[in-house]
Every structure is written in C-alpha cells, then in structure tokens.
Protein chains: 2
Amino acid sequence: MGTHDGAGGGNLAAALVQAAEGLITERGPQGFSLREVARRAGVSEAAPYWHFANKEALLAAVAEAGFSDLAAAMEGMRRRIKDPDRRLREIGVAYVRFAVAHPAHFRIMFGPEIADKAAHPALKEAAKQAFGLLVSVITDARRGGQVRGSGVEEMTVAAWALVHGLSALLIDRQLERHGHSAREVETLARRVTRLLQTGLGPRPAKVRGGG
Amino acid sequence: MGTHDGAGGGNLAAALVQAAEGLITERGPQGFSLREVARRAGVSEAAPYWHFANKEALLAAVAEAGFSDLAAAMEGMRRRIKDPDRRLREIGVAYVRFAVAHPAHFRIMFGPEIADKAAHPALKEAAKQAFGLLVSVITDARRGGQVRGSGVEEMTVAAWALVHGLSALLIDRQLERHGHSAREVETLARRVTRLLQTGLGPRPAKVRGGG
DNA sequence: ACCTGAACACCGTTCAAGT
DNA sequence: ACCTGAACACCGTTCAAGT
C-alpha cells in the first residue's frame, strides 16, 4: 500500500526477493532478517521499505513464487499422466517432493510468518488454484464412481491433508526412520497416497453405504 | 546443560514456563520474546538464563508439556473406546481437536522454532510415544486382517500424516470453507479419517494384491 | 545458589534529508 | 521516484557484581 510492491519497473524489488530466497534457504525462517537481505542486495537497511510495506510483504512475495512453482509441478503431472488413479498419486508425490526439496519455501507458504494472509490476496488465490486442481483430478478419478453429496470436497481435503501432513512431518524431521533422499521420499509418498486410495481396512463390504 | 533446566527445587522455572505458555498463546510464535516472559514473571531479563540455557530451551519445555497433553488425550480415547475402527478414528479426532484448541503449542511442538530437536531428547521421546500408541492401535484394528511386510508402519505414517496435515491446514487457515468451531472440526476430522479407512476409490477388487 | 544492572551486537521500522 | 543516515524501541545473550 502506497509502495510499488514488486511488479513495477525497478529491479531492486526482484533483487530483494532473490536475496530473500537465498537467505531463507540458508538460514530458515528463523535466521531471516530484512536487514541482512538489504545487505546482500547492497543497499541501505531502509531501501527495502520503498518496494515492500514491511518484512511480511517481502516474505509474501517469496511465498507467492513458491506457490507458483508448486502449481507448475502439479500441473505438469496432470498433463503427463493419463490414468486417473496414478495421476492422483503422482500429483501427491509431486507435492511432497516440492516440500522436501524446498522446505524453507514450504514453511513460508503455509506457516505463521505471514500472519495475516488475507492481506496478501495473491497468496490465497494461488492456494485456491492448487486446491481446485486437486478437486478436478479427484473428480476425474471418481468419474462413474458413486460419490454422494459433498463427497469430492471431503476427498480433496483428505488427499491434501495427507500429502501436506507427510510433507510437514518429513520437513520437521519427525519421520527419521524413513530416509530423506529423493528416491526414498518419493517411494514413501507413493505408498502412503496409495493407502488413501485403497483404504486401511480390509472391509470391502460397508464401503458403499457409510454415512 | 550446566543449568537446572526445570525439575529442580526452584519455582521460577515453572513460573517462566507458565508465562511462556500464556505469551505464546496470546501472540503466537512470532511475538514471543524471552524478555517479555521475564517481565511477566517479574524478574530481570537475565534471570531466565539461570534456569534455561536459552530461549529455545524454554520453548522446548513448553513443547514437552504440549506433547504430554496430546498423549493424554489420545490415551484417554484408547481407554474409552473398544471398537478398533472407531477407536482409531476418535484418536485421530482427538489429535486434530488438540491442535485446533492449542495452535500455539502445536506449532512449537512441530515447527522450526526449536531448531535442533536432537538437543532436547525429551521431545523426541514424547513424539516417539505418541507414534507408538498409533502403531499399537492400528495393529489392533488390523488384527486378523492381512497385513504384509511393513504394512502397519506405513499405515501408521499415513494415519499420522492425515491428521497432522488436517491440523496444520486448519491452523494455518487454509480450509476457510470449513468452519473452525469445535463441532465442525470434529465432524470434518471424523469424516476424513473414515475416508482413510474405507479408501477413496470404489475398487473393492485390487485391494488385496496391491504392490 | 540465584538474581540484578549494564553492556554488546543485533533487529524492524520511521523519517528527515539528499539526488 | 528512489535511496541514505540516523534514530527509536525493541531483541537474545553475556558477564561482572551483588546477596
């Protein structure tokens, strides 16, 4: 508000976002400071305030770029894979892969560093788009299947929660038993996503009527 | 290390933890400061350092209390409910209920504020216990059912990821379409957890062989 | 053993002042 | 329009000094 907020003509804004991404990757959301970003960009500590309202606005720009990358990764999977069930799985895997590859981005995108997300509408929009992609893919996967009422909505929440939770647990080192290499992470994500599709229980009967 | 770290005879340590819980609940992990905690406890800004090595150690104490409460809530459900499937569901619901009721605790417990969790072994221990509870409950629910290889381990990861992700998405206001009242949260958690048990897909066939 | 006071090196943010 | 310098009110942490 009252400032350019990025997409003007200046290139210091872009340089600041780039420096911010580097710093946040190196030191995490804790060690991040606006003054250090300014130092890395070679300007005074007050300069960023011309381009961003405050620290949070700069972080929001970083988060936005992250959402854009995540959406691209998911969209790529949707385009590449035709089988609806496998497609749903691999989109989930792409989500987890992104989180583990860019933990700092992931935390900024979803964490409390950006306190008031309503103040950064582009963020909400990006998240909504990712959600919409999931909805459509799940709808495709269930086409012809019996889905009553708000079924797809709930399925989408479940699918999102599953890959989001797996991402968070991996990033926060809560699953140390399972390796963090790219291959191991993908295998785990694939198996866990498949479990959501088949279900934990061996009860092929009551599936249809469950209220 | 080199300091008491809590369970000594002094009561300033306990007062500091209590003040920290209050402050973190009011202002979130961002607005939290050790100096403010000291002020609320009515001591000088250097006093906390006699009882806690640093800010992180105080936060670790808060996280530990949170894990203890969460474990108690889950354990209570295990004792109260006999039907294995419903028991698993309600333990999941208890997890989400705790997260939404105590978002600040939840974030401290799992977030990056405590950078090196290996430095606070009590934390790892508490998390491991909660995981063990899930494993045993899932084992019970699957008793008699066919579970090959590392099946239970993977199921546990899936169940944990699901409720953890739902908790995180709710706390971070990413599911604004769904209300945040206690009743609405419980209903959503129950439905989503049931989805993991029954599975998304209407494919009662291939369930058994899936590699 | 336990706490205070003062200090150091950092922050986020503002604001007059420069060009 | 865009940036600097200096300032304000905060931090986390340390350390001599008190009792």
Charged N-O contact under 4.0 Å between A:R177 and B:E153: yes

When you check the phosphate oxygens OP1 and OP2 of D:dC11, does a side-chain N or O of B:R39 lie under 4.0 Å from one of them? yes

State the pairing partner of C:dT19; accept Watson-Crick or G-U wobble contacts with both distances under 3.5 Å, and report none otherwise. D:dA1

salt_bridge(B:E26, B:R40) N-O dist < 4.0 Å: yes

With a 4.0 Å cutoff (strictly under), does any side-chain N or O of A:W50 reach OP1 or OP2 of D:dC2? yes

Nearest whole Å is fine: how far is D:dC10 P from B:R27 CZ? 11 Å

What is the separation between atom CD on B:E113 and atom P on D:dG12, rounded to the nearest whole Å? 13 Å

Would A:F110 and A:H164 count as a close aromatic pair, with their ring centres under 6.0 Å? yes

So, does A:H51 get its side chain near the phosphate of D:dA1, meaning an N or O under 4.0 Å from OP1 or OP2? no

Each nucleotide in nucleotides 13-18 of chain C should get exactly one letter: B, S or -. Can you fill that in based on protein heavy atoms under 4.0 Å? BBB---

Mind checking who C:dA6 pairs with, Watson-Crick or G-U wobble, both distances under 3.5 Å? D:dT14

Does B:S44 reach a base, just sugar-phosphate, or nothing at all? Heavy atoms under 4.0 Å. base

Is any side-chain N of the basic residue among A:R107 and A:D172 closer than 4.0 Å to the acidic one's carboxylate O? yes

Under a 3.5 Å cutoff, is there a donor and acceptor pairing between the side chains of B:R27 and B:S33? no

Smallest separation among heavy atoms of A:A94 and A:M77, with atom names: CB-CG, 4.0 Å

Which whole-number value in Å describes the distance from B:L59 CG to D:dG12 P? 10 Å

